[in-house]
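Heads up: the structure comes next, in structure tokens.
Sequence lines set the chain letters: A, B, ... in the order given, protein chains first and strands last, and positions in each chain run from 1.
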Amino acid sequence: MAKIVVITSGKGGVGKTTSSAAISMGLALRGHKTVVIDFDIGLRNLDIIMNCERRVVFDFVNVIQQEASLNQALIKDKRCDNLYILPASQTRDKDALTKEGVKKVLDDLAEQFDYIVCDSPAGIEQGAQMALYYADEAIVVTNPEVSSVRDSDRILGILQSKSYRAETNQPPVREHLLITRYDPERVARGDMLDVPDIEEILAIPLLGIIPESQAVLNASNKGMPVVLDEKSDAGQAYLDTVARFLGEEKPHRFLEAQRKGFLKRVFGG
Amino acid sequence: MTDTKPLAVRARMLPIQRLIIEHLDPGSFAQRLTDKLEQAPALFNRAPVALDIGAVLAELTDNSLQQMLDHAREQRLVVFALAGPKDALTPWCERFNLAWVDDKDRAARASKTETTPTGLETQVIRQPVRSGQQIYARGAHLLIMNQVSSGAEVIADGSIHVYGALRGRAIAGVQGDTLAEIVCQNLDADLLAIAGNYQVRDDLHAEPNRPTRVRLEEDQLVIEQF
């Protein structure tokens with residue numbers, strides 16, 4: 001049985017697409033056949049982070065409207081054989097998604113893949129609701145600040161009430177909390193919410209904490225999911241996250257502010 | 001350019017007295033009205049009132065309605081609306097420049113007169129109530145076995161109990177039950193209201209994150225913390 005995983009947040013700019021790319025690549029690296037779908041119709045970005053923007057011929061909307069077959073639209077990742085990308089259409093808008101159309105595509109994908117990762121657009125409208133509608137699991141991406149946490153709370157409410165599982169009285173969508181852009185120094189100064197605060201407000205299990213890292217921006221500029229940069233803190237944190245998602249126990253890392261060395265303190269760093 | 005805003009809108013839920021008109025004899029209407037007002041002058045003095053004319057709609061004339069309005073207004077009632085079936089009443093409301101209100105509080109009203117408020121049923125919610133969600137326990141108490149997030153709204157005709165953190169808005173006794181209470185394990189609410197009397201977070205004289213009971217005493221919210 002394929003698992004449908006939605007990466008969602010409500011708020012924009014918190015790292016949904018970065019996380020979708022990293023987690024789907026992480027799952028693929030662990031040997032699971034994985035496809036990542038960009039639901040952000042009209043504002044697609046996943047293809048850039050996955051470095052396949054010049055290989056897009058057909059897209060998700062073409063498949064839904066039966067202008068292309070699924071296999072024509074799927075793009076195989078060049079770095080990992082287990083990973084495929086289904087890009088969003090840049091020229092349509094989110095109304096092109098229908099429940100029936102999305103269901104047909106997901107059903108077809110479920111025959112070939114172990115994990116179907118849905119990269120949700122920001123907001124709580126049609127596009128975001130379509131991305132989460134058929135989900136079995138949800139990874140809610142939150143930054144350590146109040147507005148992001150509130151928007152995540154809103155999305156959790158929608159998962160509970162408007163998903164297919166909720167509407168058909170099945171066991172609820174499994175929810176996971178992923179905190180991104182976590183900056184221990186700013187948390188220590190009190191500028192950002194700390195992890196226990198966020199956990200208390202959202203009351204869902206914590207899956208991972210991704211530190212604020214230069215590596216994320218470098219990786220997306222290079223069109224490379226950050227997990228491929230194994231030396232980076234963010235890459236390691238995403239790999240831990242994937243391991244936890246697959247049921248392993250791993251301690252949370254990168255929570256403490258790094259002590260600045262003597263030279264850094266003298267010369268600034 | 002001035003700094004003062006010419007207009008601001010505030011919504012407030014307030015209890016409305018609904019006078020149910022059962023037959024159209026102006027004399028007996030005036031007599032019954034006077035009797036009623038003598039029983040509870042404070043309750044009706046300048047009180048917002050809706051005339052429920054659903055039962056007499058068939059025989060109603062402009063003249064008889066005008067007489068009833070005049071009588072009521074002489075007795076210092078503020079008649080501002082008609083209650084009853086909306087479609088049939090809309091032309092009357094327009095002619096007499098009145099608002100329309102629903103007459104659907106009958107069930108709640110009946111249960112209140114026949115039984116004590118504690119006789120209400122209880123609606124139980126087990127999942128967290130998330131931002132943007134609204135839960136209304138119509139004709140019931142509301143029991144939440146989880147948290148209420150900031151930006152969520154929980155409403156009940158009776159009392160509200162939250163066995164978790166209350167961070168959103170809680171509105172108890174929304175049909176005017178002044179005996180309703182709000183009890184929560186961990187108070188951090190955006191707004192508390194009982195029977196139309198409300199306080200927003202900034203006005204709450206309460207320490208956050210403590211078990212709290214809120215009730216109404218002489219139209220004032222009384223906050224007890226443990």
Side-chain angles (χ1 to χ4, degrees), chain A residues 6 8-12 14 120 122-126 128-129 132 135 138-177 193-194 196-206, chain B residues 122-138 140 142-156 160-171 182-192 200-204 206-212 225-226:
Chain A
V6 62
T8 187
S9 72
K11 194 171 185 301
V14 296
S120 171
I124 53 171
E125 287 82 21
Q126 170 86 351
Q129 292 197 15
L132 66 80
I139 297 177
V140 177
V141 183
T142 303
N143 288 168
E145 44 116 3
V146 180
S147 60
S148 173
V149 172
R150 173 179 285 195
D151 291 359
S152 295
D153 194 64
R154 185 88 166 85
I155 272 291
L156 286 165
I158 291 172
L159 279 163
Q160 276 170 19
S161 57
K162 295 202 178 144
S163 63
Y164 179 72
R165 280 173 171 268
E167 286 180 0
T168 54
N169 283 324
Q170 293 182 49
V173 179
R174 266 186 70 196
E175 297 154 342
H176 308 270
L177 174 61
L193 292 174
D194 66 5
D197 279 351
I198 301 172
E199 278 188 283
E200 197 195 309
I201 295 172
L202 294 178
I204 58 170
L206 179 64
Chain B
T122 299
Q123 182 178 339
V124 184
I125 303 289
R126 292 194 165 77
Q127 306 100 350
V129 185
R130 302 286 184 181
S131 181
Q133 288 184 315
Q134 189 185 54
I135 296 198
Y136 176 29
R138 188 183 293 276
L142 184 56
L143 171 61
I144 295 168
M145 305 294 292
N146 214 313
Q147 62 175 27
V148 176
S149 295
S150 172
E153 201 165 66
V154 289
I155 307 171
I160 299 174
H161 288 231
V162 181
Y163 285 83
L166 170 57
R167 302 195 182 93
R169 300 152 72 94
I171 300 163
I182 300 169
V183 181
C184 64
Q185 205 151 49
N186 190 338
L187 179 82
D188 200 7
D190 290 335
L191 176 143
L192 297 171
V200 293
R201 186 198 206 94
D202 286 352
D203 306 333
L204 281 181
E207 254 182 72
N209 302 320
R210 282 176 57 189
T212 306
Q225 297 199 291
F226 304 98

*What pair of heavy atoms forms the shortest contact from A/A128 to A/G123, and how long is it?*
CB-O, 3.2 Å
*Can you name the residues that form a side-chain contact (heavy atoms from CB on, under 4.5 Å) with B/A170, not counting sequence neighbours?*
B/V154, B/I160, B/L166, B/I182, B/L192
_Value rounded to 0.5 Å, distance of CG in A/L202 from CG in A/L177_ = 6.0 Å
*asked:* Between A/D194 and A/I198, does the side chain to side chain contact (heavy atoms under 4.5 Å, CB included) criterion hold? Intermediate values first, please.
replied: CA-CA 7 Å; A/D194 66 5; A/I198 301 172; over 6 Å; no
_As an exercise, state the distance from CD1 of B/I135 to CD1 of B/I155, rounded to the nearest 0.5 Å._
10.0 Å
Below 3.5 angstrom, are there any donor-acceptor pairs between chain A and chain B, and if so, which atoms and how far apart?
residue, atom, partner, partner atom, Å
A/R150, NH2, B/S150, OG, 2.6
A/D153, OD1, B/R130, NH1, 3.0
A/D153, OD1, B/S149, OG, 2.8
A/D153, OD2, B/S131, N, 2.5
A/D153, OD2, B/S149, OG, 2.8
A/G157, O, B/Q133, NE2, 3.3
A/E200, OE2, B/R167, NH2, 3.0
A/I201, O, B/Q147, NE2, 2.7
A/L202, O, B/R130, NH1, 2.7
A/L202, O, B/R130, NH2, 3.0

*If you measure from CD1 on A/I155 to CD1 on A/I158, what distance do you get to the nearest 0.5 Å?*
4.5 Å
